[in-house]
Amino acid sequence: TNRVFSGIQPSGDLHLGNYLGAIRRFVPLQDTHECIYCVVDMHAITVWQEPEELRRATRELTAAYLAAGIDPKRAIIFNQSRVYQHAELAWVFNCVARIGWMNRMTQFKDKAGKNSENVSLGLLAYPSLMAADILLYKATHVPVGDDQKQHLELTRDIAAKFNNDYGDSIEANGLDREFFPITEPLITGPATLVKSLRDGSKKMSKSDPSDQSRISLLDDADAIAKKIKRATTDPEPLPPEIEGLKGRAEADNLVAIYAALADKTKPEVLAEFGGKGWGVFKPALADLAVSTLAPMAGEMRRLLGDPATIDSILAEGAERARPLAEETMRDVRRIVGFVG
Ligand code: TYM
């Protein structure tokens, strides 16, 4: 079977990186795979979230999924905290994974900074909950941006260690030796790591203090166009070929964004714009971004005007996710040796 799982945290401002690296790529997978798209509210609280703000962000992310074209009749959309099995499996994985594995995670090191004794224990254990999200559904494919690659490698390590440590018990219970699948990351397309519009050496992120560094999914047409026109660039025209983008991080980023929004490759974009200056390229990119993102922002606002409908979509999604999750957990409890 082919099952896709991915999740996004409802924390802070959803941005173009989340859209191009993840949400936009979730949509076509609905035609070929059984898809589960989660709003990972339990991950969000690994750093402090105001409760009202967490509720708002959960609905906003759900609205983004819907506005982008995820169909809640086909895909399962739900919020993580509703399906308790995520927490239950994460605990088992906390006992399979090693502290050393967690300490090596670059995202943990970045988020903890010099203060690693005073961050939540949840932030350290975060990748173990992420592995539980994926493996609870025995997902085979996980579409994410490039920054999640290391977490997915850890998910594979946890699956392999569980299968190995409990190998005899898995067999004694008459189950498949490869009880948890070794998941494939799907990190594809031209924009797997969208950069800040101000600084091409940094990724576009929810936590960047500068609002000008990112295009928010709720930005209106005016804001989108302004941010693109003010984006940092070098003075050179665009190169005719992709090799010419080496060492030009800002130019490379804007070409990647254009390519992803136009469903083209970077060489195709350069074939069209090579030799042209920013005075031509930036307005073309602004038009393209506005024509895709502004209607989506409008649809998100419309959906957010009716939170009861959003909440019922999440509730129905959880109803569909729960039996799938429970099927795996029933086996895991037997494998581990829990009575009952
Ligand atoms: P999160 O919430 O930070 O980001 C959500 C998705 O957006 C992608 N992304 C980007 N892609 C391209 N360019 C960027 N600048 C950019 N910034 C973010 C991320 O790669 C991600 O795909 N740990 C995950 C959430 C998670 C998850 C999961 C994902 C929890 N459980 C299970 C997959 C499967 C995270 O923090 O993503």
Side-chain angles (χ1 to χ4, degrees), residues 3-26 29 35-47 49 54 57-58 60-61 64-65 68 78-81 83 86-87 89-90 93 102 105-108 110-111 122-123 125-156 158-159 183-208 213-217 249 252-253 256-257 259-261 321:
R3 193 180 271 166
V4 164
F5 182 97
S6 199
I8 298 183
Q9 298 191 63
S11 57
D13 230 3
L14 273 175
H15 55 72
L16 184 64
N18 300 131
Y19 177 62
L20 295 179
I23 302 171
R24 183 178 170 94
R25 298 174 41 236
F26 294 174
L29 287 167
C35 294
I36 306 175
Y37 297 127
C38 192
V39 178
V40 291
D41 47 8
M42 287 160 64
H43 277 95
I45 63 164
T46 54
V47 298
Q49 305 293 327
L54 180 60
T58 297
E60 181 184 308
L61 175 53
Y65 281 164
F78 74 106
N79 57 315
Q80 185 184 31
S81 58
V83 179
H86 289 248
L89 185 57
F93 287 169
M102 302 294 158
M105 292 294 111
T106 55
Q107 193 145 320
F108 173 71
D110 289 348
K111 285 198 179 175
L123 192 67
Y126 182 115
S128 169
L129 178 58
M130 179 160 163
D133 298 340
I134 296 165
L135 295 174
L136 198 46
Y137 303 98
K138 299 190 175 176
T140 51
H141 297 86
V142 182
V144 284
D146 192 63
D147 60 335
Q148 295 301 314
K149 201 173 174 176
Q150 198 186 27
H151 286 155
L152 290 185
E153 280 160 14
L154 192 87
T155 298
R156 294 159 67 99
I158 290 177
T183 302
E184 282 299 325
L186 291 177
I187 304 174
T188 56
T192 54
L193 197 61
V194 177
K195 306 298 195 316
S196 155
L197 296 178
R198 311 250 70 184
D199 177 351
S201 69
K202 289 200 272 181
K203 72 170 179 181
M204 185 176 286
S205 101
K206 292 168 185 157
S207 54
D208 194 314
S213 71
R214 65 183 158 262
I215 293 175
S216 154
L217 291 190
D252 186 47
N253 189 41
I257 292 171
L261 286 169

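For ligands, and for the atoms within them, numbers begin at 1 and follow the listed sequence.
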Show me, pair by pair, the donor-acceptor contacts under 3.5 angstrom made by side chains of residues 125-134, not counting sequence neighbours?
residue : atom : partner : partner atom : Å
Tyr126  : OH   : Gln9    : NE2          : 2.9
Ser128  : OG   : Ala90   : O            : 3.4
Ser128  : OG   : Asn94   : N            : 3.4
Ser128  : OG   : Asn94   : OD1          : 2.8
Asp133  : OD1  : Gln80   : NE2          : 2.9
Asp133  : OD1  : His86   : ND1          : 2.8
Asp133  : OD2  : Gln80   : NE2          : 3.4

Just to check, does His15 reach to within less than 4.0 Å of ligand 1 when the distance is taken from its heavy atoms? yes
Should one rank Asp147, Leu16, Asp208 by closest heavy-atom distance to atom 19 (C) of ligand 1, which comes out on top? Asp147
State the atoms of ligand 1, each with its element, that fall below the 4.0 Å cut-off from a heavy-atom position in Gly21. 11 (N), 12 (C)
Atoms of ligand 1 close to Ala22 [distance to a heavy atom under 4.0 angstrom, numbered from 1]: 6 (C), 7 (O), 22 (O)
Is Gln148 in polar range of ligand 1, meaning some N or O pair under 3.5 Å apart? yes
Atoms of ligand 1 close to Ser6 [distance to a heavy atom under 4.0 angstrom, numbered from 1]: 33 (C), 34 (C)
Check whether any side-chain heavy atom of Phe5 lies under 4.5 Å from a side-chain heavy atom of Leu135, and answer yes or no. no
Using a heavy-atom cut-off of under 4.0 Å, does the side chain or the backbone of Gln9 touch ligand 1, or both, or neither? both
Within less than 4.0 angstrom of ligand 1, does Lys206 place any heavy atom? yes
Can you name the closest pair of heavy atoms from Ala249 and Gly200 and give their distance? CB-O, 3.6 Å
Distance from atom 11 (N) of ligand 1 to nearest protein heavy atom, with residue and atom: Gly17 O, 3.1 Å
Give the atom numbers and elements of ligand 1 that come within less than 4.0 Å of a heavy atom of Ile134. 32 (C), 34 (C)
